[in-house]
Each structure stands twice: as structure tokens, then as C-alpha cells.
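Please read the structure below before turning to the comments.
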Amino acid sequence: MVGLGPGTPEWITPAAQAALDAASDLIGYGPYLDRVPERSGRTKHASDNRVEVERAAHALKLAAEGRKVVVVSGGDPGVFAMAAAVFEALEAGPAEWLVIPITVEPGITAMLAAAARAGAPLGGDFCALSLSDNLKPWEVVTARLTAALAADFVICLYNPISKARPWQLGAALDLAAEHRAAETPVLFARAVGRPDEILRVLTLAEAIATAGTADMATLVMIGASSTRLIAREGAAPYVYTPRSVTKSPCATSQGRT
Ligand code: SAH
């Protein structure tokens, strides 16, 4: 399993690159496979994004036949991506698959790339949630989000919005406003590491007003109560979260309730 990082080839690790170079078969979602150059002797098996476990089982079947298979994911393969699907297929599959040597080559996940562009917003405690309710009920999303907001984590939201899920990001930001101040910094980091990258540093109130401008390629990061900005002339402010925390989450809660 190989993570391709957020977009630019410069953010692919040498170990991930070596695995790609040694592969006879590449398996993954089409847009990720498109990032890997065509090469003779290497077959690409593109698939839909929604059939992860079947795709994983296909990868294991080819590997059991002795092929050198690489399953590609964007970012890190273990973060809301294919590695878990491969292990799910392995667990459910035939015992002989257990002897297949499997390695996971990490990649730079979207929240780390976004954080690096913005400054150091993940300097304190943070957490990550997928806002997609394709694989879990929306009540689970809101329960976890509420707990994370109450604990004053910086919160990274993956899969914030899509055509099929247009309202979830707005609902999540409304929930955030019940726990955090309207001026809390919020990042909309879109297509980080790609030519169409856009980084927007907003307040929570602005993020609520413009939630519809985020898309599937956007990582949304909601600051903690201590996350702050350093203004710059002619450039976006730096965003950072100090490492030290002096107050308990309850004492720092500044929201509307
Ligand atoms: N395995 C990937 C995440 C897959 S979930 C990783 O580790 O990054 C897909 C979500 O990741 C997207 O909806 C978006 O929220 C985020 N994402 C992936 N690539 C991104 C990029 N280049 N810039 C911003 N967000 C990105």
C-alpha cells in the first residue's frame, strides 16, 4: 500500500517511489493512478472510488498469484483510505493470503500538508474526522464532533462536502459555533500541492457563510480556542496553535451556548 501524498511528486517519499518502481500492477481510484506515469510492464487497474473492499480483494488475489501489486491512495494510505480496506479483505479472505508480504508506505496526509502551508495550526492537540456519512451514521459524526469541540481540539475535517452530501459541512460548522467563538480561525485548504491549490484563512463566521465554496478536494481545519493568526503585509496570515495550554477546555469555551 502506497501513499502518493497530496499531489506534487516532490511529496512522495523515496520508499513509496521505490515500491511504485518495483510494481507489476497498480490498483486504485482512477485519478490517483493518473498521477503515476505509464510504464511498460506495469498494468494499471483503475476502479471506482466506492468499491474499496472488492478492489482490495482483487489486489490480494493478484499478489497471491505472485504479482508485485501496489495499491495506491492519495495522501497516506492509512488515513480514510485503502489500507484499512486491504486489511478488511485480508481478514475476510482465504488463509493463504496471510503469507503475502504486505507493507504500508506512508504518505503526507492532507491535514499535514494543509497545516504546513498555513503555519503550525497543529502545534497543540488535534484530531481528524471524516464528515462522510457513507460509511457511518451522521449521528456518529455529530457525537464525535461535539466531543472534540468540547475538548477544544483543533479539528481537521476530511471529506467535508460533495454533490451527494451538500449540507454536512454547514451543519458541522454550525455545531462548531455552539462551542467556539465566531472569530476562531478556520482553514479551507483546497488541492494542496496541486497546481489549483487555494488556501483560505477565514473566521468561523466567514466559514459558515461560505461553506458551499468548499469541495471534495478541500481539507477544513477548525482552530482551537488558542489558535491564532500573525498578520502579514500582502500575504495570508500565518496560523498557529501554541504548544502550551494553561486553561481547561471548559474554562476556554467561548461559544454561543
Ligand atoms: N488518504 C487521504 C485522504 C482521503 S479522504 C490523505 O491521507 O490525505 C479524501 C479527502 O482528503 C478529501 O475530501 C479532502 O478532504 C482531503 N484531501 C485529499 N487530498 C487533498 C489535498 N491535496 N488538499 C486538500 N485536501 C485533500
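First listed ligand is number 1; within each ligand, the first listed atom is number 1.
Sorted by chain and number, the residues within 4.0 Å of ligand 1 by heavy atom are Pro6, Gly74, Gly75, Asp76, Val79, Phe80, Ala81, Thr109, Ala110, Tyr158, Asn159, Pro160, Ala189, Ala191, Val192, Arg194, Met216, Ala217, Thr218, Leu219.
Not one N or O on the side chain of Arg190 forms a donor-acceptor pair closer than 3.5 Å with the backbone of Thr213.
The only option from Arg55, Met82, Glu52, His45 that meets the side-chain contact (heavy atoms from CB on, under 4.5 Å) definition with Val71 turns out to be Met82. The residue from Met216, Gln168, Arg165 that alone fulfils the side-chain contact (heavy atoms from CB on, under 4.5 Å) condition with Asn159 is Arg165.
Hydrophobic clustering of Ile, Leu, Val, Met, Phe, Trp and Tyr side chains at less than 4.5 Å, counting indirect connections, unites Phe153 with Leu145.
A donor and an acceptor atom, one from each side chain of Thr227 and Thr241, are located under 3.5 Å apart.
At least one side-chain heavy atom of Leu4 sits under 4.5 Å from a side-chain heavy atom of Val2.
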